[in-house]
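Working notes, beginning with the structure itself.
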Amino acid sequence: MNEQIPVIRDVDGGTARLMPDVDRERAWLLTVDGAPQSYVDLDDPAYLEFEYARRLAHVLDSAADEGEPLAVLHLGGGALTLPRYVATTRPGSCQDVVEADRGLLDLIIEHLPLPEGSGVTVHGADARAWLESAPAASADVLVADVFGGSRVPAHLTSVEYAREARRVLRPGGIYAANLADGAPFAFLRSQLATFAAVFPELALIAEPAVLRGRRFGNAVLVASDREIDTVRLARRAAADAFPARVEYGDTLTRFTGDARPVGDLDAVPSPVPPDGAFSVG
């Protein structure tokens, strides 16, 4: 029987809560100021509860042959859900995690420690600053899942940032970012235009209801300098417990419309989610 008790602590970004899942013995939900951030099952790190995490995992699963180790850079740490996933599904992978909230990192390392020999190195630093100092061609996959509160920070949305991401990726490497928006998708369209200015290949993974503008939600932007295996991605996304569509090519171009790339001087954060969009009871 699960007898874990919640952990509440003030961190740099607000009030963090680690709440045990009564249905899974060593599983925890992390929230910050009421907004869900991460879900981790320490006994089964390959189990992913959140839709956006599952879609980022589809990208990681499609990045190389099954079980092949990867060099992965994670911008945004949360409870280290995806680094744990990669360490489990691709043993021997070398991963760096950059998280600006050092108080949150301390909480997670204390209460949800990484297993010995995980291959994961955690850095308390600003994502953009760390990226700009990272070696060129050092990552197979770059996962960006950075939210200040419930918004993607502006300095992680610009052409200059996208160029740094491409510089750090190895040839054929893949960039995947968790974004959030709703109709009329001004932010999401601008992100597609921005990354299209830097990467020749793009795809977008999202629930159909989000893409049709019926609700505010997450979308995963995928970018690469090589052709993205959209067939493999689409198969995984469609078969998931939370089915999603993969948009690419002409369809994605039409969705982007007349949106323009944004630079550091005119970049803005992602929009404030509507009340209740990402809250938990």
Side-chain angles (χ1 to χ4, degrees), residues 12-13 37 52 55-56 59-60 63 70-78 82-83 95-102 121-181 185-206 218-226 228 252 255-257 259-273:
D12 303 351
Q37 300 288 325
Y52 81 83
R55 287 164 194 158
L56 289 169
V59 178
L60 288 160
L70 292 172
V72 185
L73 171 57
H74 302 263
L75 302 181
L82 286 171
Q95 302 185 81
D96 286 288
V97 182
V98 184
E99 170 60 58
D101 192 326
R102 291 173 172 84
T121 304
V122 179
H123 311 270
D126 175 78
R128 174 79 176 263
W130 201 93
L131 184 68
E132 290 172 350
S133 67
S138 56
D140 297 308
V141 182
L142 195 168
V143 177
D145 184 18
V146 183
F147 282 78
S150 297
R151 306 178 73 184
V152 180
H155 71 304
L156 302 181
T157 68
S158 66
V159 169
E160 292 89 340
Y161 162 74
R163 288 181 186 139
E164 285 297 319
R166 183 166 181 179
R167 180 187 66 82
V168 169
L169 284 169
R170 292 169 177 166
I174 299 174
Y175 175 87
N178 178 32
L179 306 174
D181 201 3
F185 303 111
F187 174 75
L188 189 55
R189 293 179 203 270
S190 75
Q191 284 302 281
L192 289 165
T194 297
F195 278 80
V198 176
F199 289 89
E201 299 291 334
L202 294 182
L204 188 70
I205 312 172
N218 296 94
V220 171
L221 184 154
V222 186
S224 183
D225 64 357
R226 66 167 169 84
I228 297 166
L252 201 55
F255 181 84
T256 305
R260 307 296 303 169
V262 297
D264 280 338
L265 294 179
D266 55 346
V268 297
S270 63
V272 177

What's the verdict on side-chain contact (heavy atoms from CB on, under 4.5 Å) for Leu82 and His74, showing C-alpha distance, side-chain angles and the deciding distance? CA-CA 8 Å; Leu82 286 171; His74 302 263; 4.0 Å; yes
The reported gap from CD1 in Ile205 to CZ in Arg55 (rounded to nearest 0.5 angstrom) is 8.0 Å
Nearest-0.5 Å distance, OG1 of residue Thr256 to CG of residue Leu188: 8.0 Å
Test Leu252 against Leu202 for side-chain contact (heavy atoms from CB on, under 4.5 Å), laying out the working first. CA-CA 8 Å; Leu252 201 55; Leu202 294 182; 3.9 Å; yes
Hey, is the main chain of Pro171 close enough, under 3.5 Å, to the side chain of Asp225 for a donor-acceptor pair? no
Output for pair (Gln95 CD, Leu73 CG), nearest 0.5 Å, gives 10.0 Å
If the threshold is 4.0 Å, N to carboxylate O, is there a salt bridge linking Arg128 and Asp264? yes
Going by heavy atoms in the side chains, are Pro271 and Asp181 under 4.5 Å from each other? yes
Taking all atoms of both residues into account, what is the closest heavy-atom pair of Ala203 and Ile228, and its distance? N-CD1, 3.9 Å
In Å and rounded to the nearest 0.5 Å, what is the CG to CG distance from Leu75 to Asp145? 9.5 Å
Show your reasoning for whether side chain to side chain donor-acceptor pair (under 3.5 Å) applies to His123 and Glu99. CA-CA 6 Å; His123 311 270; Glu99 170 60 58; over 6 Å; no
Could you check whether the rings of Tyr161 and Tyr175 sit parallel, tilted or perpendicular, using 30° and 60° as the cut-offs? perpendicular
Is Asp140 reaching over with its side chain to a backbone N or O of Val72, donor-acceptor style, under 3.5 angstrom? no
I'd like to know if the side chain of Asn178 and the backbone of Tyr52 have a donor-acceptor N/O pair within less than 3.5 Å. no
What I'd like to find out is whether the side chain of Val59 reaches to under 4.5 Å of the side chain of Ile174, using heavy atoms alone. yes
Take Thr157 and Gln191 through the side-chain contact (heavy atoms from CB on, under 4.5 Å) test and state the conclusion after the steps. CA-CA 7 Å; Thr157 68; Gln191 284 302 281; 3.2 Å; yes
Taking the cut-offs as 6.0 angstrom to the six-membered ring centre and 45 degrees off its axis, would you call Arg189 and Phe255 a cation-pi pair? yes
Sidechain-backbone polar pair: Thr194 side chain, Pro261 backbone, donor-acceptor under 3.5 Å: no
What I want to find out is whether Glu164 reaches Arg167 closely enough, with some N-O distance under 4.0 Å, to be called a salt bridge. yes
Using atom types as modelled and distance alone, determine if a side-chain donor or acceptor of Asp126 lies under 3.5 Å from a backbone N or O of Ala100. no
Could you report the tightest heavy-atom contact between Val146 and Gly76, atom names first, then the distance? CG2-N, 3.6 Å
Does the side chain of Leu179 come within less than 4.5 Å of Asn218's, by heavy atoms? no
Looking at every heavy atom in both Ala165 and Phe199, which two are closest together, and how far apart are they? C-CZ, 4.4 Å
Can you find a heavy atom in the side chain of Val159 that is under 4.5 Å from one in the side chain of Phe195? no
Over 12 foreign heavy atoms within 6.0 Å of CZ, Arg226: yes
Heavy atoms, side chains only, cut-off 4.5 Å: are Pro273 and Ser150 in contact? yes
List the steps, then state whether side-chain contact (heavy atoms from CB on, under 4.5 Å) holds for Leu60 with Val143. CA-CA 9 Å; Leu60 288 160; Val143 177; 4.2 Å; yes
Say you draw a straight line from OG of Ser138 to CZ of Arg170; how long is it, rounded to the nearest 0.5 Å? 7.0 Å
Do Pro83 and Val97 come close enough that some side-chain heavy atom pair is under 4.5 Å? yes
To the nearest 0.5 angstrom, please state how far the CZ atom of Phe185 sits from the OG atom of Ser190. 12.5 Å
Looking at every non-hydrogen atom in both residues, tell me the closest pair between Ala267 and Ala154 and how far apart they are. CB-O, 3.5 Å
